[in-house]
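Structure first, commentary second.
Note that this is a predicted model, so its numbers are computed, not measured. All ligand and atom numbering here is 1-based and tracks the order in the structure. One is the number of the first residue; the rest follow in order along the sequence.
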Amino acid sequence: MGLTELQEIRRSLHQIPELGFEEVKTQQFLLDRIEELKTDRVSVRTWKTGVLVHVAGTSPEKTIGFRSDMDGLPITEETGYDFQSSHEGRMHACGHDFHMTIALGVLKRVIDQPVADHVVFIFQPAEEGPGGALPMLHSEVFRQWKPDVIFALHIAPELPTGSVSCKEGLLFANTSELFLDFQGKGGHAAYPHLTKDMTVAASNFIVQMQQIVSRGIDPVESAVVTVGKMESGFVQNAIAETARLEGTIRALDPSSIHTVKQKLERLIRGFEHSYDCTIDVDYGANYYQVYNDHEMAGLFKEAAEDAGIDFRQASAAMTGEDFGYMLKEIPGFMFWLGVQSDYGLHSAKLNPNEEALQVGVEAVSSMIQHLSN
Ligand SMILES: CC(=O)N[C@@H](CCC[C@H](N)C(=O)O)C(=O)O
């Protein structure tokens, strides 16, 4: 598949971003493209809004898995692309359109140039939330085609196009979502003394919460608490009765997530007392760290360099990925693909360089070749 075809696929996918477990159009798009490529060596199954494609090897000894995530984010796109999202308030702002396109490109390569081992392409829904990897891993269809080794990629806006990056061991953090609902007495803006202002309570909570990391976690460990969304009130001249904070907790060591949650709950009790309100906490989806198998990550360096791709040593990052659950059960790894964008992941202006699509196809195909011997 040439760059033009890869670009055409990526742009089509880019226009139809859907949230986790709502990837209905995306699934149909994938099924249609896979149908065009299909031969008698290829079998296709669906799981919820996901798709699994099994390509039979010529003299198989094992099954190699390549996983791509499928969902977009609740972000309003501001790229100005002429192929920008046609779904209001939804955007492929994390590169999953790239990931799926590369998987289709590699699928075509494996069909045209058969390899010895079986290869399973796993298009997984709901990576951004609530998490598709864990239930998919336990599904009947996944178990029947369960790979012996598995890998995946993620675009890296800060790395140059033409490069990939990986490391052995810990690559991505442990994560927990965080949802906080504040409830207190609202009222007229002119009578604050008769109310319990939830906008003020939630604002102070955000500020205090930052000290959980700066004063509650050993500085040689890493943790992050971020509030990405805050909502309160209805009108400029009324004091808010409710407020909602939505965020995430990240840590390289899972015990630090536990520590942050314990300290957060103590802070909640203090705020409930001092602001005379209730605060409900919900930890939403929790993801297990991405831990790369040493041997596989080492082999990937070789595979990338053999394909003429610039390999760079990665550092651990505080990003999360439910692919971590797959790696917990199946030896494998994840790598970064350089896409050189002026704007980062989860930005409304993310503009990855499409030439990286071809680099991704080469890197993944080369790894499959190296694994299938
Ligand atoms: C690669 C990436 O950006 N992944 C997401 C995963 C989100 C998990 C969950 N919704 C959370 O926020 O904890 C990330 O934000 O790192």
Side-chain angles (χ1 to χ4, degrees), residues 17-23 67-75 90-100 102 124-136 151-159 164-167 170-180 209 212-213 222-230 244-254 256-258 260-261 264 281-292 314-328 333-339 341 343-350 352 356 360:
E18 296 163 298
L19 298 186
F21 290 126
E22 294 174 7
E23 304 94 334
R67 173 274 202 173
S68 154
D69 38 16
M70 298 169 68
D71 52 326
L73 282 153
I75 290 177
R90 305 280 183 265
M91 179 184 173
H92 270 301
C94 202
H96 301 188
D97 51 346
F98 265 59
H99 305 168
M100 288 184 279
I102 291 166
Q124 177 222 299
E127 185 274 331
E128 297 293 348
L134 193 56
M136 193 178 208
F151 68 111
L153 67 84
H154 204 292
I155 65 159
E158 65 290 347
L159 290 178
V164 292
S165 179
C166 190
K167 76 184 278 292
L170 189 68
L171 186 72
F172 285 7
N174 298 273
T175 72
S176 168
E177 293 179 345
L178 175 65
F179 302 99
L180 293 162
M209 210 168 74
I212 293 177
V213 173
S222 296
V224 169
V225 180
T226 293
V227 172
K229 186 173 172 185
M230 176 182 188
R244 180 172 167 85
L245 302 181
E246 297 186 2
T248 180
I249 305 167
R250 310 285 167 100
L252 295 184
D253 182 338
S256 298
I257 295 263
H258 181 65
V260 170
K261 286 182 177 175
L264 200 71
V281 62
D282 173 5
Y283 293 117
N286 290 236
Y287 291 173
Y288 187 70
Q289 64 197 17
V290 169
Y291 193 90
N292 284 344
S315 306
M318 297 307 264
T319 31
E321 250 285 356
D322 62 352
F323 184 58
Y325 286 119
M326 293 193 178
L327 291 182
K328 201 174 172 192
F333 69 101
M334 176 163 239
F335 73 92
W336 291 109
L337 172 72
V339 294
S341 161
Y343 299 91
L345 297 175
H346 297 193
S347 161
K349 293 182 178 163
L350 174 75

Would you call Asp322 and Arg67 a salt bridge, taking side-chain N to carboxylate O under 4.0 Å as the test?
->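 Yes, charged N to carboxylate O under 4.0 Å.
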
List the steps and the verdict of side chain to side chain contact (heavy atoms under 4.5 Å, CB included) for Asn174 and Gln289.
-> CA-CA 4 Å; Asn174 298 273; Gln289 64 197 17; 3.0 Å; yes

N/O to N/O below 3.5 Å, does that happen between Tyr287 and ligand 1?
->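 No, Tyr287 has no N/O under 3.5 Å of an N/O on ligand 1.
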
Ligand-residue contact atoms, ligand 1 with [X], heavy atoms, under 4.0 Å:
| X | value |
| --- | --- |
| Thr248 | 11 (C), 12 (O), 13 (O) |
| Cys94 | 2 (C), 3 (O) |
| His346 | 3 (O), 14 (C), 15 (O) |
| Thr175 | 13 (O) |

Check whether any side-chain N or O of Glu23 sits under 3.5 Å from a backbone N or O of Glu18 as a donor-acceptor pair, and report yes or no.
->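 No, because the side chain of Glu23 does not come within donor-acceptor range (under 3.5 Å) of the backbone of Glu18.
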
Considering Arg250, Glu321, Glu127, which one's heavy-atom position lies nearest to atom 15 (O) of ligand 1?
->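 Result: the heavy atom closest to atom 15 (O) of ligand 1 is in Arg250.
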
Any chance OH of Tyr343 has more than 12 other-residue heavy atoms, nucleotides or ligands included, within less than 6.0 Å?
->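 Open.
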
Give the ring-plane orientation class for His154 versus His99, where under 30° counts as parallel, over 60° as perpendicular and anything between as tilted.
->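 Plane angle over 60°, so perpendicular.
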
Side chain, backbone, both or neither: Met318 near ligand 1, heavy atoms under 4.0 Å =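 It is neither part, as no heavy atom is under 4.0 Å.
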
Residue, atom name and distance, where the atom is the protein heavy atom closest to atom 5 (C) of ligand 1 =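 Going atom by atom, the protein heavy atom closest to atom 5 (C) of ligand 1 ends up being Glu128 OE1, 3.4 Å.
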
Of the protein's non-hydrogen atoms, which lies at the shortest distance from atom 9 (C) of ligand 1, and what is that distance?
-> Glu177 OE2, 3.3 Å

Would a 4.5 Å heavy-atom cut-off, applied to side chains only, mark Leu178 and Leu245 as touching?
-> no

Are any non-hydrogen side-chain atoms of Asp97 and Pro17 less than 4.5 angstrom apart?
->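 Asp97 vs Pro17: side chains apart.
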
Applying a strict 4.0 Å limit to heavy atoms, is Gly320 in contact with ligand 1?
->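 Within the 4.0 Å threshold, so yes.
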
